[in-house]
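Here is the naming used below: chain letters follow the sequence lines, and residue numbers restart at 1 for every chain.
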Amino acid sequence: MYVELHAHSAFSFLDGASTPTELAAAAAAHDYPAFALTDHDGLWGSMEFAHACEGFGVRPITGTELTVDKSHLTLLVEDEAGYRNLCRLLTAAHAHTRDNTGRASSQAWATLEEVEEYAEGLVCLSGCAQDGIAAGSFERGETAEGERLARRLLAAFGRDRFRIELQRPYWRRDRARNRWLALLAERLGVACVATGNVHAHDRRRAPLQDALVAIGRCETLEESEPYRRGNSTAALTSPAAMAARFAEYPEAVAESERLAERLRFDLTQQLGYRYPGSEDPDADAELARLCNHHLGERYRGSARLLEAQWRLEEELATIRKLDLSGFFLLHRDLLELAREVAAEVRGPESARSVLPPGRGRGSSVSSIVCYLTGLSHVDPVEADLFSGRFLNEETTSMPDIDLDFPRDIREVLIPRVHERYGREHSALVAAFPTYRPKGAVRDLGKALGLPPAEIDRVAKTVGFHETAAEIERDLAAALGSSRAAEPRWKVLLQLAGEIMGLPRHSSQHPGGMVISTRPLIDVCPVVPAAMAGRQTVQWDKDSCADAGFLKIDLLGLGMLSAVERCVEEIGRARGERLDLSRIPLDDPETFESIRAAETTGVFQIESRAQMQMLPRTQPRDIDDVVVQVALVRPGPIQGGAIHPYIERRKLRRENPDYEIPYEHPLLEPVLEETLGTIVFQEQVIEVAMALSGFSSSEAEGLRRAMSRKRSEEAIREHHRRFVAGAAANGVPEKTAEKVWNQIKGFSGFGFPKAHSAAFGLLAYQSAWLRIHYGPEFLCSLLNEQPMGFYPPDSLVHEAQRRGIRVTPPDANRSRVLCHVETPRTEEDVRGGLVVRIGLGYVKGVRKEEVEALVAERERGGPYGGIAELASRCGAGLPSLERLAWAGALDGIPAGSEGERREALWRVGVTAAGRLTGSGTQLALPMEPPRPPELEPLGEWGKLIADYRSTGMTVDKHPLKLLRPGLDPRLLRSSDLAAVDHGATVEIAGMVTARQRPETANGITFMLLEDERGAVNLIVPPPVYDRHRTLVRTAPLLRARGRLERREGTINVLVADLAPLERAQPTQRRPREARERAVAELRAVAPAGHAFGRRGR
Amino acid sequence: MPGLRRLYAPQRVAVRTDPRGAPTTVEGVTVEAVREEWLVEDRWWTPEPLRRHYFELALGDGRALTVFRSARAQRWYRQRA
């Protein structure tokens, strides 16, 4: 019987059209007893394949098709030594792919000497029909060289482990080549083995395989003809069909089965991974000593000391039982390393030096051991956090400890971890960006040779999560239905449906690291990452979890960086040293702003959905904020928690004696703080335990079954036990079913309370900073972009509406980053401080040039004139021109009228430094003569220049300038407060955010900003369907709809939309001129952020 | 265009086959041996996809000949050298 020993999945990156799981399923459907995955130069998909095969009852064989110089070899793992060698060989093949000293980044290769060195435990096949070491030489007419290389491999692997590989791809010279290969095998005295060189699990994927090859070569399908497979026979087929294909070589077919029988290495069982500290006999005692020491410190004099002691004992006992003490000590060790890095990065004088190096997030925040060892900053006893979700005795995988760091600290920490544990023992986790609609349209469009302008139009229209059917609709909308029906576009649609979800290339996980006691390169190949000094294993987080690797997440959290920057800026501008851990958690002004949904820029509670909810939930303390953070998540939304929670909070406010209507009295103790609704992830566990008598591990099993990798079968079994358990507790079946549906709706897509507690605190701290240090807070948000819900332009406008002054970039005042400065004159601004936009915000200027410009100004004083600037600062003409366009040269020389065209003229004629081969040629410091009469840019021209050069304007809002020409019936956002509920209103503005949540049944939400504020638009599906392109792409809109007012929130339920330029012309501004003006703005205005199922 | 004709255009040819689809006679001449057999599936993204099953044959009269069956036309052609 034939067994497949040579197959590629999509993890051969653009040379394989099926996932490992699809291959495993197809192998099972064809009754293959075993099947080998041999992706190009990697084991990227091997773990997924091995687990999928196990599930389907197929024995997985691990291997690779290795590039050796320019030829290919098929290597299959026989035993543990072979696996170790394969990992080392692949690691060697990828070394020097990123350092410009050897291989290109996408082209790994090993030398024949390396293959010889790592031959033990591997079976070597002589390679594929086109590029194999033996067959390729025949194709190239270099048979003598082919035989010489084959003899070297024979010497390295021995007769027992070297085979001549025969393939039958139905190419013109198959028979001749196989005859020559069979004779070669005879001369060498080794057996032949038949293989299929599978590139797809099904023949119907053959077109996609062709397209992937074209994409990989950046060519069209026509151009890539010599490199494509030429026909569809590289798809997986039955063992009988393969045996028939090799009818002339029955022995080669039989050999595939004999060989497969020997290849017994099991990737799911034989990795031998250990994490540092896992074998330390003293780890238990050391962890207990450490925790008890800090327990005394942290809970001295606390009324809850005994409770804390009891919890600690219980957790330590669980940790000992699970043999995880070394795991906690390793994390603690990492945190100590982070502390050193933080001190280095922040510097001893920094106001940030009092801050901890990072913070915990996720369920680990519920652990008292994490709290005492510094891995979490939230007291779990005080916050009543339940640790069963993080740690329980029947846990089957490693608990997760995620640590958030400011971005700058994390950047230094990651390479430092490599240094601490050794480059052979630590690496980042890989990530595989997969095809999404936009990329699919662009890549396939190019491969199909479609016109670039059309591809661009369609790609800009499709949404992030679209299905092929939805892309078809967009295609017709963008190009018209007759063009969309043309054959190549039809083919694109079909291929787009298939390509979606396939990995395009490998990348690095944002912060997941693997650390190993054994050299990692014996456990998984390690490859250089694109970022210098970093390296990744070849597996993503799921494969790493399946491998039982300890993954440590060192995540970069933008808001943490922003908060730190803010503390630093406060120290610099006001000389105040702020300790965020000591700010009052009951500040009335902060809570007032939260309740009024004035939370733009605040962590987690700034989104449109949160702003809608805050006036209704009316948070009064930090616990309310913790609930609030967890509330706007798919779990509570789908579990039906939102409306009862809001309603009950309102009733409680009105009547403190209001009794919460729990579904059953048994639920009161576990759902009390969330007023009878399921908001936190662990409440699923607690509800199952309270209502149906589940043990903690049973309940954890239920939560897992409901989560991402959900199993319908497991859920059915849990359901049966849930209802039966509830009945045993005297709960009526109807009630049990109702609660079950809430749990099922929740499905695990919510925050654990511990995570919410960590995020809730950061949300409060950021809200507090926004209120008390507004300029510094805005400044830190602008410097930490991209982050958050709003583009910088919206952040600036919102701050301006609160009275914060923001000033434009100025070559004589700005730094590279934005900063706060004291105004020269006394002005009525909050804190007396002004935010100055940094020169780094000007698009297209070279960072080193603006750094030099600022350094020279600080050294030699302000620039007296443009010629002086050009000669002193060292910046080239292109950068100076961009600075002039952005208005950064308006104030030079001092007292000038700030006319940008004039500044541009001066920059041009003073022949500012140009880049030459040996550096920047400096300009002479001679002030030019008076410029000719230039027409001033005008307000509108400046606005366009602002957007084009910095993506924002700190001057008048575009709508303020447009307003005189707009239809007078259009209301301003501030007018809506006086409009009755249910009235029809018409408004216009810039779109600053658009959101289409999975949970909103096709409703799209948009934020429309004008000169007075922002309005929330609700676009129902029929309106969306009529105006899809407009909703998704138009930066300026006019909307008509019904005003809806509810508990302090105002929305407009949209009935009709139009682009702003179609608004009625007035006599004050001729229609054509205004349309042209709007079109100009449309081309440069920020796109607005898009969230959720973008643009579906 | 008048006066122009495509060089090496395939010509229709009469072929008998065995149950597996391999030629046994070409224009009445017995096929002695099939030297090579290959498959071309291309241009599937155009309105005129190509799917041809080629056979390089040694004929009983000593000639070597390449024929193909077009799956689209359901006919046999002789590939002119």
Inset, instruction - With chain B as the partner chain, list the residues of residues 222-241 of chain A whose heavy atoms fall under 4.5 Å from it, by residue number, and write 'none' if nothing qualifies. - result: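 When heavy atoms of chain B are the reference, residues 222-241 of chain A contributes A:E222, A:E225, A:R228, A:G230, A:N231, A:S232, A:T233 within the under-4.5 Å range.
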Inset, instruction - Output the option from A:V491, A:L492, A:L495 having the highest count of non-hydrogen pairs under 4.5 Å with chain B. - result: A:V491
Answer yes or no: are there more than 12 heavy-atom neighbours, outside [X] itself, under 6.0 Å from its atom [atom1]?
X	atom1	result
A:R204	CZ	no
B:R35	CZ	no
B:R12	CZ	no
A:R483	CZ	yes

Legend entry - Nearest-0.5 Å distance, CD of residue A:Q494 to CH2 of residue B:W44: 8.0 Å
Legend entry - Qualifying residues under side-chain hydrogen bond (donor to acceptor under 3.5 Å, both in side chains), relative to A:Y170, sequence neighbours excluded: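 Expected list: none.
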Legend entry - Partner residues of A:E472 under the side-chain hydrogen bond (donor to acceptor under 3.5 Å, both in side chains) criterion, sequence neighbours left out: none
Inset, instruction - With a 4.5 Å cut-off on heavy-atom pairs, point out which of B:V34, B:L39, B:T46 contacts chain A the most. - result: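 Winner by heavy-atom pair count: B:L39.
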Inset, instruction - Let me know if A:L448 has heavy atoms under 4.5 Å from chain B in its side chain, its backbone, both or neither. - result: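 For A:L448, side-chain heavy atoms alone lie under 4.5 Å from chain B.
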Inset, instruction - Using non-hydrogen atoms and a 4.5 Å limit, figure out which bit of A:A176 sits close to chain B: side chain, backbone, both or neither. - result: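 Looking at A:A176, backbone and side chain both touch chain B.
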Inset, instruction - Could you pull out all residues at least two apart from A:W180 that satisfy ring-ring contact (aromatic ring centres under 6.0 Å, His included)? - result: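 Partners of A:W180 under the ring-ring contact (aromatic ring centres under 6.0 Å, His included) test: A:F138.
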Inset, instruction - Would you mind telling me which of A:R175, A:R173, A:R172 makes a side-chain contact (heavy atoms from CB on, under 4.5 Å) with B:E56? - result: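 Single side-chain contact (heavy atoms from CB on, under 4.5 Å) partner of B:E56 among A:R175, A:R173, A:R172: A:R172.
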